[in-house]
Number of protein chains: 2
Amino acid sequence: MPRPYHHGSLHGALLEAAERILRRDGIGALTLRSVAREAGVSHASPAHHFRDFAELLSALAAVGFTRLRDRMAAEAATVRRGGGARRRGLGRGYVAFARENPNLFLLMFRSDQLDRMHAGLVAAREAAFALLAGENPDTTRLLAATARWSLVHGLSLLAIDGRLQSIASRTALSDEQILDAVLSADAGRRPAPAPAPTW
Amino acid sequence: MPRPYHHGSLHGALLEAAERILRRDGIGALTLRSVAREAGVSHASPAHHFRDFAELLSALAAVGFTRLRDRMAAEAATVRRGGGARRRGLGRGYVAFARENPNLFLLMFRSDQLDRMHAGLVAAREAAFALLAGENPDTTRLLAATARWSLVHGLSLLAIDGRLQSIASRTALSDEQILDAVLSADAGRRPAPAPAPTW
DNA sequence: ACTCCAATCCAGACAGTGTCAGGATGCGGA
DNA sequence: TCCGCATCCTGACACTGTCTGGATTGGAGT
């Protein structure tokens, strides 16, 4: 029984195919035509569901950000006490997501090829950031969340590139221990007091 | 007077041409053929100086890392007192380099398309990192340097993507003030004590 | 129930990419 | 002087993303 001429839900199928390729063959193999092949349609069909290849990638990145948010929330939910422990859990979830989905993570932050104005992408990214900053954050909270995001993001990149392990090999610690040490040091400190406006 | 058949020093000329394109037209315009055109040679000539296009990009990234190191050193040299002020200077230099050379900075950290085993690249990168970690760093110093690198790297990405400004727009601070606040908070704190090995 | 129309999908073509093969050129050592 | 070989060029190949034009079909309106 052959596949019907009209796929029915090609939009989602293309995203799933793209993620499958990303996970199986890496970023280098992720092309518009390979996605179409993986989904079993002609190479021009995606144009009816995504204006650009950049739009397809941006939609995939948006999926990644919602998953990142979920992963952080799940990890934070494992701790009972709030405050520093919860923040450390969020950070651990961030890095865990990056290590579990390295290719997707890299795709999410590759500035070129992505449409940075893509509506779903910016929404999903802000939602993820909001998890670190809390609701209606004031300046101090926003600063602290920014520093935390920067820290875990940089750590994730180091971990993905294997540079964390190369650092660990020079010490008596495993990369996991380094992660915990850095995250604990960050979660335990107080954010910097906001400088007074200059006007 | 036409250009002689043999260029003489095409290796360096290609790197300069690539950086010119990167600065003028962005990462999307940086292709092997465009570099060859910019240098005024045929599209197959670069193959005699760079095995791959990835090798050319890696060599360019290596140049970027030495410049990054120089930029950090220059900024740190402007402060008289050592310790926290110097570390803050290094971080400021890091972010400054990223903002002054956004495309080159993004190229340096684009994991795909780059040959991560490229000898010159890893050497230049480690040299830059060594500036943050100091000479013969012990575990504690290495951890602190890792955290610092992560922080300033994440901050640089936020700054380049304009997300730092979008955060600043929600506060009463300029992005410069946010940068200084985060960097000061980081430079002032003590690194986490290294956990004891588990064996 | 019938008709159409618009959404969906396909086949083909186009310029541009990185890489490889084969021939031209000329510099430097013998 | 002469000749090897690094350097450079032209041409080709299999890809890529995007565009055009035609085939198919589900579903809304009559």
Side-chain angles (χ1 to χ4, degrees), chain A residues 1-18 20-22 24-61 103 107 110-118, chain B residues 1-18 20-22 24-61 103 107 110-118:
Chain A
M1 161 174 167
R3 185 183 51 80
Y5 192 88
H6 280 37
H7 184 283
S9 58
L10 189 52
H11 186 96
L14 286 172
L15 287 180
E16 292 174 12
R20 213 155 41 226
I21 293 174
L22 195 57
R24 178 177 5 109
D25 307 320
I27 271 192
L30 186 62
T31 68
L32 180 61
R33 290 170 109 104
S34 74
V35 172
R37 275 193 297 270
E38 177 81 16
V41 293
S42 87
H43 64 270
S45 280
H48 294 272
H49 300 271
F50 301 96
R51 175 169 34 84
D52 267 334
F53 184 45
E55 187 170 305
L56 196 159
L57 293 180
S58 302
L60 184 58
N103 292 330
L107 173 76
R110 266 184 37 179
S111 50
D112 59 332
Q113 291 251 59
L114 248 60
D115 180 10
R116 262 179 283 193
M117 299 307 162
H118 186 274
Chain B
M1 161 172 168
R3 185 183 52 81
Y5 190 87
H6 282 36
H7 184 284
S9 58
L10 188 54
H11 186 96
L14 286 172
L15 287 179
E16 292 173 13
R20 213 155 42 226
I21 292 175
L22 196 57
R24 177 179 4 109
D25 307 319
I27 271 193
L30 186 62
T31 68
L32 180 62
R33 291 171 110 104
S34 75
V35 172
R37 274 193 298 269
E38 177 80 16
V41 293
S42 87
H43 64 268
S45 280
H48 294 272
H49 300 272
F50 301 96
R51 174 170 37 84
D52 268 333
F53 183 45
E55 188 170 305
L56 196 159
L57 293 180
S58 302
L60 185 57
N103 292 329
L107 174 76
R110 263 184 38 178
S111 51
D112 60 331
Q113 291 250 58
L114 247 62
D115 179 10
R116 265 181 280 191
M117 300 307 162
H118 187 272

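So that the names make sense, note that chain A is the first sequence line, chain B the second, and so on, each numbered from 1.
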Nucleic acid footprint by protein, nucleotides 12-19 of chain C - heavy-atom cut-off 4.0 Å, B for base, S for sugar-phosphate alone: BB---SBB
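When the options B:L107, B:L14, B:V35, B:L114 are evaluated for a side-chain contact (heavy atoms from CB on, under 4.5 Å) with B:L60, the one that passes is B:L107.
If you take CG of A:D25 and C1' of D:dC15, they are 16 Å apart, rounded to a whole angstrom. Rounded to whole Å, the distance from NE2 on B:H48 to C1' on C:dA21 is 11 Å. One can place CG of A:L57 at 13 Å from C1' of D:dT16, the figure rounded to the nearest angstrom. Summarising the geometry, the separation between NE2 on B:H49 and P on D:dC5 is reported as 18 Å, rounded to the nearest angstrom. Rounded to whole angstrom, the span from the NE2 atom of B:H11 across to the P atom of D:dA6 amounts to 17 Å. Between the P atom of D:dT24 and the CG atom of A:L10 lies a distance of 19 Å, rounded to the nearest Å.
Listed pair A:S45 / C:dT8 fails the phosphate criterion, with no side-chain N or O lying under 4.0 Å from OP1 or OP2. In this structure, B:S42 reaches the D:dC9 phosphate: one of its side-chain N or O atoms is under 4.0 Å from OP1 or OP2.
For residues 41-52 of chain A, the salt bridge (charged side-chain N to carboxylate O under 4.0 Å, His left out) pairs, not counting sequence neighbours, are A:R51-A:E55. For residues 35-44 of chain B, the salt bridge (charged side-chain N to carboxylate O under 4.0 Å, His left out) pairs, not counting sequence neighbours, are B:R20-B:E38, B:R24-B:E38.
From B:H49, atom NE2 reaches atom OG of B:S9 across 9.0 Å, with rounding to the nearest 0.5 Å.
With a 4.5 Å cut-off on side-chain heavy atoms, B:I21 and B:T31 do not count as touching. The shortest side-chain heavy-atom distance between A:F53 and A:D115 does not fall under the 4.5 Å cut-off.
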